[in-house]
Amino acid sequence: MSETPDSAVRTYIENHRAAFLDDLVEWLRIPSVSAQPEHATDVRRSADWLAAKLRETGFPVAEVWETPGAPAVFAEWPSEDPDAPTVLVYGHHDVQPAAREDGWHTEPFEPVVRGNRLHARGAADDKGQVFFHTLGVRAHLATTGRSAPAVHLKMLVEGEEESGSPHFRALVEENAERLAADAVVVSDTGMWSEDTPTVCTGMRGLAECEIRLYGPDQDIHSGSFGGAVPNPATEVARLVAALHDEHARVAIPGFYDGIVELSDHERQLFAELPFDEERWLRTARSTAAHGEAGHTTLERVWARPTAEVNGIGGGYQGAGSKTIIPASAMVKLSFRLVAGQDPDHIAKAVTAWAAERLPAGIRHEITFSGATRPCLTPLDHPALRSLVRAMGRAFQQPIRYTREGGSGPAADLQEVLDAPVLFLGISVPSDGWHAPDEKAELDLLLKGVETSAYLWSELAASSREAH
């Protein structure tokens with residue numbers, strides 16, 4: 001579909017590989033840890049560095065956008081074709097905390113290449129995966145003879161993802177007109193393995209709450225009053241026990257309203273992946289799989305909603321005994337949501353469920369924190385097919401499909417911009433995100449470059465066919 005043989009793209013990338021890696025190493029040396037206030041100047045330095053490098057790459061617009069927290073970077077490169085689709089690339093330039101004493105074999109912000117692996121904090125999550133787009137767009141231009149991309153190309157690289165993206169949605173809403181796009185490419189995810197390249201098609205959403213129960217005005221004697229007044233700790237246990245039915249389905253009325261069920265085709269695609277449950281259990285540090293009946297482990301973590309107890313407490317916790325009825329108890333719950341579920345609806349359903357189950361004499365407070373919406377791109381979406389074709393050309397083998405069980409800001413982009421989200425990530429589980437000795441496989445990093453080089457022409461061609 002491209003105007004130039006794919007071998008020309010690979011030759012261009014190989015010829016520019018050394019300079020690309022030198023630049024990436026320079027960026028990785030900046031300890032842009034958003035969670036630690038002492039690194040605030042480093043996060044800003046990282047944003048300034050990236051904006052300058054994007055201008056050097058050729059983006060005519062590259063700006064540092066302020067937020068109440070850490071700065072983001074926005075860049076834009078219009079196509080010469082006024083009818084070309086607009087594509088927004090998302091990633092983040094902040095990184096997790098890291099120190100040698102955490103178990104690193106080398107200094108986390110002194111990148112080192114061992115074999116065919118680049119070790120440094122941010123090598124995979126997410127600087128390496130953001131940066132491969134710079135060489136990708138240059139390869140795209142050089143091998144197609146273009147002076148501008150085949151799409152209107154934009155980039156938004158935030159600086160607070162590792163701190164929960166507290167200001168991201170507001171940033172997107174305030175700049176929705178400039179960020180408007182026909183598709184969003186998220187390069188902050190991964191693949192199944194080096195041998196099994198995959199594209200992710202969705203992420204779960206998240207709703208969290210804390211429920212506090214209050215009984216007597218103070219701790220009271222369990223002999224004098226036990227069995228005659230309600231016990232908050234007992235009632236918390238009853239709530240937790242009532243979360244699921246005997247089939248491990250969430251038992252909150254209305255919880256499953258509107259969900260998009262897995263199709264038989266998607267279930268078959270999941271089943272084709274080389275999943276080793278025993279190995280997965282070792283990674284989970286668990287001895288048995290458990291979950292909603294009628295679904296496989298992969299279906300449970302990717303495509304089914306959950307209710308989990310994250311913390312529970314109340315009453316005496318010290319050594320020995322203290323025979324009391326405690327004055328209060330609490331439980332922290334989290335709900336992973338799938339496509340079709342609305343966090344606001346879930347909050348109302350959980351609130352009503354808790355109120356209906358508590359007896360007289362128990363007062364309660366329920367507090368929900370900020371929610372993340374689920375996102376899902378249908379398998380037959382033309383933009384997704386374009387991404388799969390681009391990855392297939394780079395990896396020279398069939399591309400399979402996964403989803404992500406976790407949650408992230410991609411849903412905010414999908415909802416605010418009303419655009420499909422495509423996940424282009426080349427990281428593999430062994431890269432050790434958030435862990436000591438984080439690394440990126442150099443061969444895969446360059447496959448990301450190559451995919452990016454093909455993607456813009458693929459999306460432009462798909463758009464032309466659609467019209």
Side-chain angles (χ1 to χ4, degrees), residues 90 164-165 169 184 186 188-190 192 198-209 243-245 247-273 275 280 284 289-310 332-353 368-381 383-384 400-423 425:
Y90 165 84
S165 302
R169 186 180 178 96
V184 176
V186 173
D188 184 26
T189 184
W192 182 266
T198 56
V199 60
C200 177
T201 61
M203 298 184 76
R204 291 194 293 191
L206 176 65
E208 301 172 272
C209 73
L243 266 177
H244 301 91
D245 66 17
H247 303 295
R249 280 177 60 88
V250 179
I252 297 170
F255 185 79
Y256 291 91
D257 289 354
I259 69 167
V260 178
E261 298 284 356
L262 270 173
S263 68
D264 290 341
H265 179 50
E266 287 175 294
R267 299 186 78 170
Q268 179 59 38
L269 290 174
F270 288 177
E272 291 174 359
L273 291 165
F275 178 62
W280 180 85
H290 174 76
E292 185 181 358
H295 294 278
T296 67
T297 296
L298 288 183
E299 291 169 6
R300 291 167 181 165
V301 297
W302 287 348
R304 298 302 295 169
T306 67
E308 295 291 350
V309 177
N310 306 131
K332 292 178 181 287
L333 304 175
S334 65
F335 305 91
R336 296 288 174 171
L337 311 179
V338 299
Q341 287 183 299
D342 175 18
D344 292 337
H345 173 76
I346 295 300
K348 292 175 182 176
V350 173
T351 300
W353 167 81
F368 278 84
S369 53
T372 301
R373 293 182 177 275
C375 65
L376 178 67
T377 302
L379 293 178
D380 60 354
H381 196 287
L384 179 61
R400 300 187 184 277
Y401 297 86
T402 65
R403 292 195 198 177
E404 169 59 53
S407 309
D412 290 329
L413 292 165
Q414 184 183 53
E415 184 178 3
V416 176
L417 303 181
D418 191 25
V421 172
L422 314 175
F423 294 92

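All values below were derived from every heavy atom in this structure, side-chain atoms included, with hydrogens, water molecules and symmetry-related copies excluded. Just so you know, these numbers come straight off a predicted model, no measurement behind them.
- For Phe423, there are no ring-ring contact (aromatic ring centres under 6.0 Å, His included) partners two or more places apart in sequence or in a different chain.
- In this structure, the separation between CD1 on Ile259 and CG on Asp342 is 14.0 Å, given to the nearest 0.5 Å.
- The two atoms that bring Pro409 and Ser165 nearest to each other are CG-OG, 3.9 Å, heavy atoms only.
- Partners of Glu266 according to the side chain to side chain donor-acceptor pair (under 3.5 Å) rule, which considers only residues two or more places apart in sequence or in another chain, are Ser263, Arg403.
- Without hydrogens or angle criteria, Thr377 side chain to Pro420 main chain gives no donor-acceptor distance under 3.5 Å.
- Asp344 pairs by the side chain to side chain donor-acceptor pair (under 3.5 Å) definition with nothing, not counting sequence neighbours.
- The two residues Gln414 and Pro374 come nearest to each other via the heavy atoms OE1-O, 3.9 Å.
- In this structure, the separation between CD on Glu404 and CG on Asp188 is 9.5 Å, given to the nearest 0.5 Å.
- In terms of modelled atom types and a separation under 3.5 Å, the side chain of His381 and the main chain of Leu422 share no donor-acceptor contact.
- For Ala248, the side-chain contact (heavy atoms from CB on, under 4.5 Å) partners at least two apart in sequence or on another chain are His290.
- For Glu308, there are no side chain to side chain donor-acceptor pair (under 3.5 Å) partners, not counting sequence neighbours.
- With sequence neighbours left out, Glu299 forms a side-chain contact (heavy atoms from CB on, under 4.5 Å) with Leu262, Arg267, Phe270, His295, Thr296.
- Environment of CG in Asn310: crowded, with over 12 heavy atoms of neighbouring residues, nucleotides or ligands closer than 6.0 Å.
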The test is side-chain contact (heavy atoms from CB on, under 4.5 Å); show your working for Leu333 and Leu243 and say whether it passes.
CA-CA 10 Å; Leu333 304 175; Leu243 266 177; 3.8 Å; yes
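- Residues forming a salt bridge (charged side-chain N to carboxylate O under 4.0 Å, His left out) with Arg249 (at least two apart in sequence, or on another chain): Glu292.
- At least one side-chain heavy atom of Leu379 sits less than 4.5 Å from a side-chain heavy atom of Leu269.
- When all heavy atoms of Val421 and Ala410 are compared, the pair lying nearest together is CG2-O, 3.8 Å.
- In this structure, Lys332 and Val309 have side chains that are not in contact, with every pair of non-hydrogen atoms separated by 4.5 Å or more.
- Every side chain to side chain donor-acceptor pair (under 3.5 Å) that Arg400 has, sequence neighbours left out, goes to Glu272.
- Looking only at side-chain heavy atoms (C-beta outward), Pro378 and Leu384 stay at 4.5 Å or farther from each other.
- When all heavy atoms of Gly408 and Met203 are compared, the closest pair comes out as N-CE, 3.7 Å.
- The closest side-chain heavy-atom distance from Pro343 to Arg373 is below 4.5 Å.
- With hydrogens and angles disregarded, a donor-acceptor distance shorter than 3.5 Å links the side chain of Tyr256 to the backbone of Val250.
- Judged as a side-chain contact (heavy atoms from CB on, under 4.5 Å), and not counting sequence neighbours, the contacts of His247 are Asp245, Ala293.
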Working note: Tyr90 + Asp412, criterion side-chain contact (heavy atoms from CB on, under 4.5 Å); need CA distance, chi angles, decisive distance, verdict.
CA-CA 11 Å; Tyr90 165 84; Asp412 290 329; over 6 Å; no
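- For Val260, the side-chain contact (heavy atoms from CB on, under 4.5 Å) partners are Ala339, Leu376, not counting sequence neighbours.
- Pairing each heavy atom of Phe335 with each of Ile252, the nearest pair is CE2-CD1, 3.9 Å.
- Heavy-atom minimum distance, Trp302 versus Leu273: CH2-CD1, 3.5 Å.
- Applying the ring-ring contact (aromatic ring centres under 6.0 Å, His included) test to Phe368 and every residue at least two apart in sequence or in another chain returns nothing.
- Using a 4.0 Å cut-off between a side-chain N of Lys or Arg and a carboxylate O of Asp or Glu, Arg336 and Glu208 do not qualify as a salt bridge.
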